[in-house]
> 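Below is a structure I'd like to ask you about.
Side chains included, hydrogens not; waters and symmetry mates left out as well; all remaining heavy atoms used.
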Amino acid sequence: MDFISTLLIAIALAMDAFSVSLTKGFTLKKITKTQVLWFAIFFGGFQAFMPVLGWLGGIQLEWVITTFAPWIAFILLLLIGSNMIRESFSNEEGEENSDNFSFKELTLLAIATSIDAFAVGITYAVLKTDILIPIIMIGVTAFIFTIIGLYLGKKIGNYFGDKFEILGGVILILLGVKILLEGLGILVL
């Protein structure tokens, strides 16, 4: 596969990480540079690791991934998005939960946004394509897009205020629905 095709795949895979990062940027009021780095490492790392798993699994696991991956991503994003919406209403009553940084949530988000990268790894196995350069490009692209998304979301969130936690939750749920519909072959974007 040529460089341009690999770069386009990396950008396409990074868009979910960018969307979630943008959402988290909206809602985390006091995000530190260390937390930004953790987000970028997790999202970039999972985006790079999942194609390796797919490549190693090859064709044998293709039916499992095409059947269950959209549902797993949908459920994870639905739960996380619903929790963000619930917390936004709790915050209006005086609680401050939206600023919590959680490795558990970060891991779930990284998994949910990188499941499609597993399928890309299977594609590389089917095409008998070397995986080293693509996984580096995929990981680095997701890393960079995550940082951009967090900082852009932070700027927008600071400008528009606290209501972005609800919007962030809705975005995560809609992203989950989109992944599910694409996985079921109902929606092709």
> Enter the distance from T34:OG1 to I41:CD1 here, rounded to the nearest 0.5 Å.
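T34 atom OG1 to I41 atom CD1 measures 9.5 Å (nearest 0.5 Å).
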> Please find the pair of heavy atoms, one from A142 and one from A14, that lie closest to each other, and give the distance.
CA-CB, 3.8 Å
> Taking the six-membered ring for Trp, are F103 and F42 parallel (under 30°), tilted (30 to 60°) or perpendicular (over 60°)?
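Plane angle between 30° and 60°, so tilted.
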> With sequence neighbours left out, write down each residue that passes side chain to side chain contact (heavy atoms under 4.5 Å, CB included) with I11, or none if nothing qualifies.
L7, M15, T141, F145
> Mind checking side chain to side chain contact (heavy atoms under 4.5 Å, CB included) for D116 and listing every partner two or more places apart, or none if nothing turns up?
L13, D16
> Main chain of E105, side chain of S102: is a donor-acceptor contact present, judged purely on distance under 3.5 Å?
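Confirmed, S102 side chain pairs with E105 backbone.
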> Evaluate the side-chain proximity of I111 to T107: yes if any heavy-atom separation is below 4.5 Å, no if none is.
yes
> Looking only at non-hydrogen atoms, find the nearest pair between G139 and A48 and report the distance.
CA-CB, 3.8 Å
> Measuring only between side-chain heavy atoms, which start at C-beta, is L28 closer than 4.5 Å to K154?
no
> Would you compute the distance between atom CZ of F18 and atom CD1 of I144 and round it to the nearest 0.5 angstrom?
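If I round to the nearest 0.5 Å, the distance is 13.0 Å.
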> Where is the tightest heavy-atom contact between F26 and G153, given as atom of each residue plus distance?
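Looking at all heavy atoms of both residues, the shortest contact is CD2-O, 3.3 Å.
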> What closest approach, in Å, do A17 and T146 show between heavy atoms, and which atom pair accounts for it?
CB-OG1, 3.8 Å
> I'd like to know if the side chain of S82 reaches the main chain of L79, judged simply by a donor and an acceptor atom lying under 3.5 Å from each other, with no hydrogens or angles considered.
no
> Of all heavy-atom pairs between A40 and I147, which one has the smallest distance, and what is that distance?
CB-CG1, 3.7 Å
> Evaluate the side chain to side chain contact (heavy atoms under 4.5 Å, CB included) criterion for residues M137 and F3: first the C-alpha distance (whole Å), next the side-chain angles of each, then the deciding distance (0.1 Å), finally the verdict.
CA-CA 9 Å; M137 289 177 66; F3 177 82; 3.5 Å; yes
> If you measure from CG on L108 to CD1 on I75, what distance do you get to the nearest 0.5 Å?
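So the CG of L108 and the CD1 of I75 are separated by 12.0 Å.
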> Please report the interatomic distance CG(L175) to OG(S19), rounded to the nearest 0.5 Å.
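These two atoms lie 5.5 Å from each other.
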> Kindly list each side-chain donor-acceptor pair under 3.5 angstrom involving residues 49-57, sequence neighbours excluded, with atom names and distances?
{"from": "W55", "atom 1": "NE1", "to": "T129", "atom 2": "O", "distance (Å)": "3.2"}

> Could you give me the CA-CA distance, side-chain angles and deciding distance for F43 and V20, then say whether side chain to side chain contact (heavy atoms under 4.5 Å, CB included) is met?
CA-CA 10 Å; F43 282 18; V20 172; 3.8 Å; yes
> Taking the side chain from Q47 and the backbone from I135, do they hold a donor-acceptor pair closer than 3.5 Å?
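Here the side-chain-to-backbone pair does not exist.
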> What I'd like to find out is whether the side chain of K24 reaches to under 4.5 Å of the side chain of L109, using heavy atoms alone.
yes
> Mind running side chain to side chain contact (heavy atoms under 4.5 Å, CB included) on F39 and F143 for me, showing each step along the way?
CA-CA 8 Å; F39 270 95; F143 184 93; over 6 Å; no
